[in-house]
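What you see is a predicted model; the values in this text were computed from it and never measured.
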Amino acid sequence: MDVQKPKTVNVILSGGVGSRLWPLSRKTRPKQYLPIFEGHTLFQKTALRNKSFCDQVIVVGNCDNYELSRKDLDEAGVKSYSEIIEACPRNTAAAIAFAAFAAQPEDILFVTPSDHLIVDEGLYSSAVSRATELAKEGYIVTFGLKPTKPETGYGYIESAGEEVKSFREKPDLQTALAFLEQGNFYWNSGMFCFKAGVYLEELRQLEPEVFQASKEAYEGAESGKLDFDLSMKIPSISVDYAVMERTKKIKVVPSLFQWSDMGSFESIYEYLEQTGHPKDELGNMVIGTSIHTEFTGLTNTILIQTPDAILVLRKENAQEVKKIYERLEKERPELV
């Protein structure tokens, strides 16, 4: 009997909407598909960055954006991949389960969101290499990123070397400063590495309902597209709550590469600033229009213009854009 050699599979999760980047990011074009990163999208950068580590690509996207994924992969020259198209968002525990069902139990899944910006290829490569080694030994591996500032928008991992001591929710500023001072707290990156079979076994034990409903939805899929009614039976739980925070097999790879989830206009501002995008002497920046704009009495303010909307915000208030998005979803759904 021909036994297949285990593969390393890059599972790219691409279901998010990027609500903190409204009005640039919309349901019809989430942030991972915005071509504002040296002409590439974050989705393309993810696929290309992981090409050298992985034998195969599985994209888990949703019914609204899989055509954008196909177009991006085609333009980036990535021809060989498979797709799982979700009928409705059921969070990351289920999304990863679909990919694990599609793989062989011994395959290593390297799970990456599609909307991260990463630099320092060498440091990244060594972190991925270490995570793969641990995954081969049967561990469930998460990547901890060394914090560069007291960020309140990320969850944290407390560690002793590669041992995970605790997971912490998004902290307030004072707690984030204390984490930074202690030095053994890392940002929870949302990137993972494990054998497909190990993940499914942990999910089956810890969240049997998610496991069973995901399995039925996966088995009922037609040409990679999941059924809506079967999908709606899956409890919507993140992989962190379902598995990472409860498994006894957890390890963390403390990582030094520069990373951002580009989850807010503060991150976009910092990225554009580094690439030479203009701002005035008081730190004010315009995105999305070449119309001459003047700011007076304002500092660190960002003006974002699209054909149908304008957003003006202080850089420090970038996390509040999500509230605007949620309100517009109810009041002006055509704008999101």
Check your understanding: Please walk me through it: do E334 and R332 pass salt bridge (Lys or Arg N to Asp or Glu O under 4.0 Å)?
Key -> CA-CA 5 Å; E334 74 281 3; R332 298 284 305 276; 2.5 Å; yes
Salt-bridge criterion met for [X] and [Y] (N-O under 4.0 Å):
X    : Y    : result
E326 : K330 : no
R130 : E133 : yes
K71  : E75  : yes
E266 : R314 : no
K5   : D55  : no
K195 : E106 : yes
K233 : E209 : no
R204 : E201 : yes

Check your understanding: Apart from V286 itself, what residues make up its hydrophobic cluster, given side-chain heavy atom links below 4.5 Å?
Key -> F295, L298, L303, I310, V312
Check your understanding: Remaining members of Y66's ILVMFWY cluster at a side-chain heavy-atom cut-off under 4.5 Å?
Key -> I85
Check whether [X] reaches the backbone of [Y] with its side chain - one donor and one acceptor, N or O, closer than 3.5 Å.
X    : Y    : result
R26  : L335 : yes
D120 : Q258 : yes
S82  : I58  : no
N317 : L313 : no
E202 : T247 : no
N91  : A93  : no
S214 : V210 : yes
S231 : D227 : yes
S25  : K31  : yes
N184 : A160 : no

Would you indicate whether the side-chain heavy atoms of [Y] and [X] approach each other to under 4.5 Å?
X    : Y    : result
V11  : V60  : yes
I304 : I302 : yes
L145 : L256 : no
L13  : T92  : yes

**Study point:** Working for side chain to side chain donor-acceptor pair (under 3.5 Å), residues E216 and Q212
**Key:** CA-CA 6 Å; E216 284 166 21; Q212 196 52 39; 3.1 Å; yes
Assess whether atom [atom1] of [X] is packed by more than 12 heavy atoms of other residues, nucleotides or ligands within 6.0 Å.
X    : atom1 : answer
K136 : NZ    : no
Q182 : CD    : yes
E181 : CD    : no

Heavy-atom closest contact ([X] atom, [Y] atom, distance):
X    : Y    : answer
D172 : T152 : C-CG2, 3.8 Å
Q32  : T41  : O-CB, 3.3 Å
V253 : A127 : CG1-O, 3.9 Å
A87  : L226 : CB-O, 3.4 Å
P23  : L311 : CD-CB, 3.7 Å
V59  : S14  : CG1-CB, 4.5 Å

Residues in side chain to side chain contact (heavy atoms under 4.5 Å, CB included) with [X], at least two apart?
X    : answer
T148 : W187
P105 : none
L68  : P30, Y33, N65
K170 : R20

Practice item. Examine I250 and M191 and state if one hydrophobic cluster contains both, with Ile, Leu, Val, Met, Phe, Trp and Tyr joined whenever side-chain heavy atoms are less than 4.5 Å apart. Key: no
Check your understanding: For the hydrophobic clusters of this structure (ILVMFWY residues joined by side-chain heavy atoms under 4.5 Å, transitively), does one cluster hold both I12 and L42?
Key -> no
Can you name the residues that form a ring-ring contact (aromatic ring centres under 6.0 Å, His included) with [X], not counting sequence neighbours?
X    : result
F228 : none
F98  : none
H116 : W259

Exercise for review: Sequence neighbours left out, what passes side chain to side chain donor-acceptor pair (under 3.5 Å) with T289? Give chain and number order.
Suggested key: none
**Study point:** Contacts of type side chain to side chain donor-acceptor pair (under 3.5 Å), residue Y199, not counting sequence neighbours
**Key:** none
Check your understanding: Checking salt bridge (Lys or Arg N to Asp or Glu O under 4.0 Å) for the pair E83/R70: CA distance, chi angles, key distance, verdict?
Key -> CA-CA 9 Å; E83 297 174 303; R70 285 178 183 175; 2.8 Å; yes
Practice item. Evaluate the criterion side chain to side chain donor-acceptor pair (under 3.5 Å) for residue pair S267 and S264; output intermediate values, then yes/no. Key: CA-CA 5 Å; S267 320; S264 71; 3.3 Å; yes
Point to revise | Cationic tip of R246 above Y241 ring, under 6.0 Å, 45° of axis | key: no
Point to revise | Ring-face cation contact, Y139 with K249, 6.0 Å cut, 45° max | key: no
Practice item. In sequence, state the C-alpha distance, the side-chain angles, and the governing distance for N10 and Y81, and then conclude on side chain to side chain donor-acceptor pair (under 3.5 Å). Key: CA-CA 10 Å; N10 183 198; Y81 59 91; over 6 Å; no
Exercise for review: Enter the distance from I84:CD1 to I96:CD1 here, rounded to the nearest 0.5 Å.
Suggested key: 11.5 Å
Exercise for review: Starting from the C-alpha separation in whole Å, work towards a yes-or-no answer on side chain to side chain donor-acceptor pair (under 3.5 Å) for T306 and D308.
Suggested key: CA-CA 6 Å; T306 65; D308 60 351; 3.1 Å; yes
Check your understanding: Taking the six-membered ring where the residue is Trp, are the ring centres of F211 and F101 under 6.0 Å apart?
Key -> yes
Check your understanding: Which pairs count as ring pair (Phe, Tyr, Trp, His ring centres under 6.0 Å) when at least one residue sits in residues 264-289, sequence neighbours excluded?
Key -> F37-Y271
Review point. Are E273 and K315 close enough, and set up right, to give a salt bridge (Lys or Arg N to Asp or Glu O under 4.0 Å), and what steps lead you there?
Key: CA-CA 13 Å; E273 191 177 31; K315 179 159 72 88; over 6 Å; no
